[in-house]
Amino acid sequence: MKNSASLSLSKARHLHLAAQGLLRPPGRRARFEDVHASIRQMSLLQIDTINVVARSPYLVLFSRLGAYPPAWLEQTLASGALFEYWAHEACFIPFEDYPLLRHRMLTPQRLGWKYSEQWVEQHQQEIAALLEHIALNGPVRAADFANDKHTKPGWWAWKPHKRHLENLFSAGELMVTERRNFQRVYDLRSRVMPEWRDELHALSEADAVNLMLDHSARSLGIFRASWLPDYYRLRRAPVKTWLAAAAERGAIQRVEVEQLGEMWLHQSQLALLEKPVAATHTAILSPFDPVVWDRRRVLELFNFDYRIECYTPAEKRKYGYFVLPILHRGALKARMDAKMDRQTQRLIIRAFWLEPGVRLSQLLLDDVQKAISRFAAWQEATEVVLESAPEALREAWSARWLITA
């Protein structure tokens, strides 16, 4: 094997951001086909419904594409270019990758809370009737069915038909064909994919796992071996075997990275290995962006200690409910707790924090304020209100500023 290349930590970060589409700002106005291309580059787009600012999947795309109509995501799903399933978590996935996840659908009992074998056994007749209803009447939403008055309130207290639909989705019997007001619309897999035959088209679990490791390596760009399984939430993945085979066929190359030691570089990033790579992008990231969704990875690679606290009781939060990482020219330099007040068309920054040791340069001030303004304008805000921030930052930005068209 050739001697390993030696890379600075900054270079490693840049290679990862290049693989994720976050190294440089978009060079042109977004096009409809860029939505699928961006998800293809990331392999997965995690779904989350929290909407204190733009919902996560829209924000992840905005960070890479710039201003685009959010409806493009639903239109891409409805076109058949994407499907939904459990990957990292619930995700939009390029439709061509359906075979990678099919084995999970065929053994849904291994998905934990996402599938209840006991529920399915106890409600066989109702579930059969629901499938017949969809076959005769077409796609449905959970909202199409009346609630059960006996259902107790609570986070997991879904009405029975919602639980039926979710179990059938996890088992691959139903697919999400579109979203209306972000609500899933379910149809029969046999109607969405009439040509699919498991005996002809399904992959073995071993082959699917190897392909998921391939995708993870490409989308990470540069990685430690221990980072690979989390991307698709793989358990007992044969990482050592995969590394040896991938290195043998030239898909990855061993490198030594400052402070991190041995890492692996994907072949798609080899062209950037020998040339200077400048990171020029500044962006607001979602808490569920692939760059930060693995909290251990983002700590090791970016020295960014991060967790999402929306599920933490308010009195125990260190930062805030929905804190957004701030990417500035190749490093994670700040974070902000923000809320979009849609009635008053104001983006409210409840608090803004710089990371320890970050110097407040004019370049950072200008870049981040412009990024916040673009973010606000995309959400149709007319004003940004800054409630809490370091004094020097408040003096430079002021407590509020208008968004001009």
Side-chain angles (χ1 to χ4, degrees), residues 17 22-26 29-30 50-56 58-70 278-287 289 291-292 302-310 314 317-405:
L17 293 171
L22 285 168
L23 186 67
R24 301 186 181 97
R29 187 183 296 274
I50 296 172
N51 64 343
V52 290
V53 292
R55 286 189 174 98
S56 179
Y58 305 111
L59 175 52
V60 171
L61 292 171
F62 172 77
S63 300
R64 290 155 174 79
L65 304 180
Y68 74 99
T280 57
H281 194 29
T282 298
I284 316 298
L285 301 186
S286 161
D289 193 292
V291 170
V292 300
F302 288 96
N303 193 30
F304 191 72
D305 190 1
Y306 181 62
R307 67 185 60 190
I308 185 166
E309 298 179 302
C310 56
R317 291 175 193 149
K318 181 178 180 181
Y319 292 103
Y321 180 78
F322 200 69
V323 174
L324 308 169
I326 310 294
L327 174 69
H328 178 248
R329 296 178 179 253
L332 293 169
K333 293 185 178 179
R335 63 187 83 194
M336 69 178 188
D337 185 23
K339 174 185 178 181
M340 181 62 202
D341 188 330
R342 294 173 177 86
Q343 287 190 328
T344 62
Q345 294 182 287
R346 296 186 305 165
L347 177 69
I348 300 170
I349 301 175
R350 293 164 165 164
F352 190 100
W353 302 268
L354 293 169
E355 289 302 290
V358 170
R359 187 174 66 86
L360 199 59
S361 67
Q362 193 61 48
L363 181 64
L364 186 147
L365 284 167
D366 291 345
D367 280 1
V368 174
Q369 187 176 31
K370 289 176 183 176
I372 292 171
S373 294
R374 289 193 299 269
F375 176 58
W378 173 62
Q379 296 181 85
E380 301 181 345
T382 58
E383 184 181 28
V384 175
V385 177
L386 181 62
E387 293 184 343
S388 176
E391 189 60 33
L393 193 147
R394 287 176 60 86
E395 290 177 0
W397 287 353
S398 77
R400 63 182 63 226
W401 67 89
L402 296 177
I403 303 298
T404 55

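Model, not experiment: these values are computed from the prediction.
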(request) Write down the atom of Gly66, the atom of Pro26, and the distance for their closest heavy-atom approach. (result) N-CG, 4.0 Å

(request) Write down the atom of Pro390, the atom of Phe352, and the distance for their closest heavy-atom approach. (result) CD-O, 3.3 Å

Can any side-chain N or O of [X] pair as donor or acceptor with the backbone N or O of [Y] at less than 3.5 Å?
X      : Y      : value
Asp289 : Val291 : yes
Arg346 : Val384 : no
Glu309 : Lys318 : yes
Trp401 : Val385 : no
Ser63  : Ile284 : yes
Asn51  : Ala54  : no

Once you round to the nearest 0.5 Å, how far does [atom1] of [X] lie from [atom2] of [Y]?
X      : Y      : atom1 : atom2 : value
Asp337 : Arg317 : CG    : CZ    : 8.5 Å
Leu327 : Phe302 : CG    : CZ    : 7.0 Å
Leu364 : Lys333 : CG    : NZ    : 5.5 Å
Gln345 : Thr382 : CD    : OG1   : 5.0 Å
Arg24  : Thr280 : CZ    : OG1   : 6.0 Å

(request) Using the six-membered ring wherever Trp is involved, compare the ring planes of Tyr319 and Trp353 and label them parallel, tilted or perpendicular (cut-offs 30° and 60°). (result) perpendicular

(request) With side chain to side chain contact (heavy atoms under 4.5 Å, CB included) as the test, would you mind laying out the steps for Leu285 and Ile326 before giving the verdict? (result) CA-CA 6 Å; Leu285 301 186; Ile326 310 294; over 6 Å; no

(request) Output all residues satisfying ring-ring contact (aromatic ring centres under 6.0 Å, His included) with Phe322, sequence neighbours left out; order by chain, then residue number. (result)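 Partners of Phe322 under the ring-ring contact (aromatic ring centres under 6.0 Å, His included) test: none.
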
(request) Show the numbers, then the answer: is there a side chain to side chain contact (heavy atoms under 4.5 Å, CB included) between Leu332 and Val292? (result) CA-CA 10 Å; Leu332 293 169; Val292 300; 4.1 Å; yes

(request) Flag yes if more than 12 heavy atoms outside Arg342 fall under 6.0 Å of its CZ atom; otherwise flag no. (result) yes

(message) Please enumerate all residues that pass salt bridge (Lys or Arg N to Asp or Glu O under 4.0 Å) together with Asp367, with sequence neighbours excluded.
(response)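 Partners of Asp367 by the salt bridge (Lys or Arg N to Asp or Glu O under 4.0 Å) criterion, ordered by chain and then number, come out as Arg329.
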
Measuring only between side-chain heavy atoms, which start at C-beta, is [X] closer than 4.5 Å to [Y]?
X      : Y      : answer
Leu393 : Leu386 : yes
Ser286 : Arg55  : no
Thr282 : Val368 : yes
Leu347 : Ile403 : no
Glu355 : Arg335 : yes
Ser56  : Ile50  : no

(request) Determine whether the aromatic ring centres of Trp378 and Tyr68 lie less than 6.0 Å apart. (result)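 Between Trp378 and Tyr68, the centre distance is under 6.0 Å.
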
(request) Would you check, one step at a time, whether the test side chain to side chain contact (heavy atoms under 4.5 Å, CB included) holds for Tyr321 with Ile308? (result) CA-CA 8 Å; Tyr321 180 78; Ile308 185 166; over 6 Å; no

(request) Name all pairs fulfilling the salt bridge (Lys or Arg N to Asp or Glu O under 4.0 Å) condition that reach into residues 376-398, sequence neighbours left out, sorted by first residue then second. (result) Glu383-Arg400

(request) Given side chain to side chain contact (heavy atoms under 4.5 Å, CB included), test Arg64 with Val60 step by step and report yes or no. (result) CA-CA 7 Å; Arg64 290 155 174 79; Val60 171; 3.3 Å; yes

(request) Using only heavy-atom distances, determine whether the side chains of Gln362 and Asp366 contain a donor-acceptor pair under 3.5 Å. (result) yes

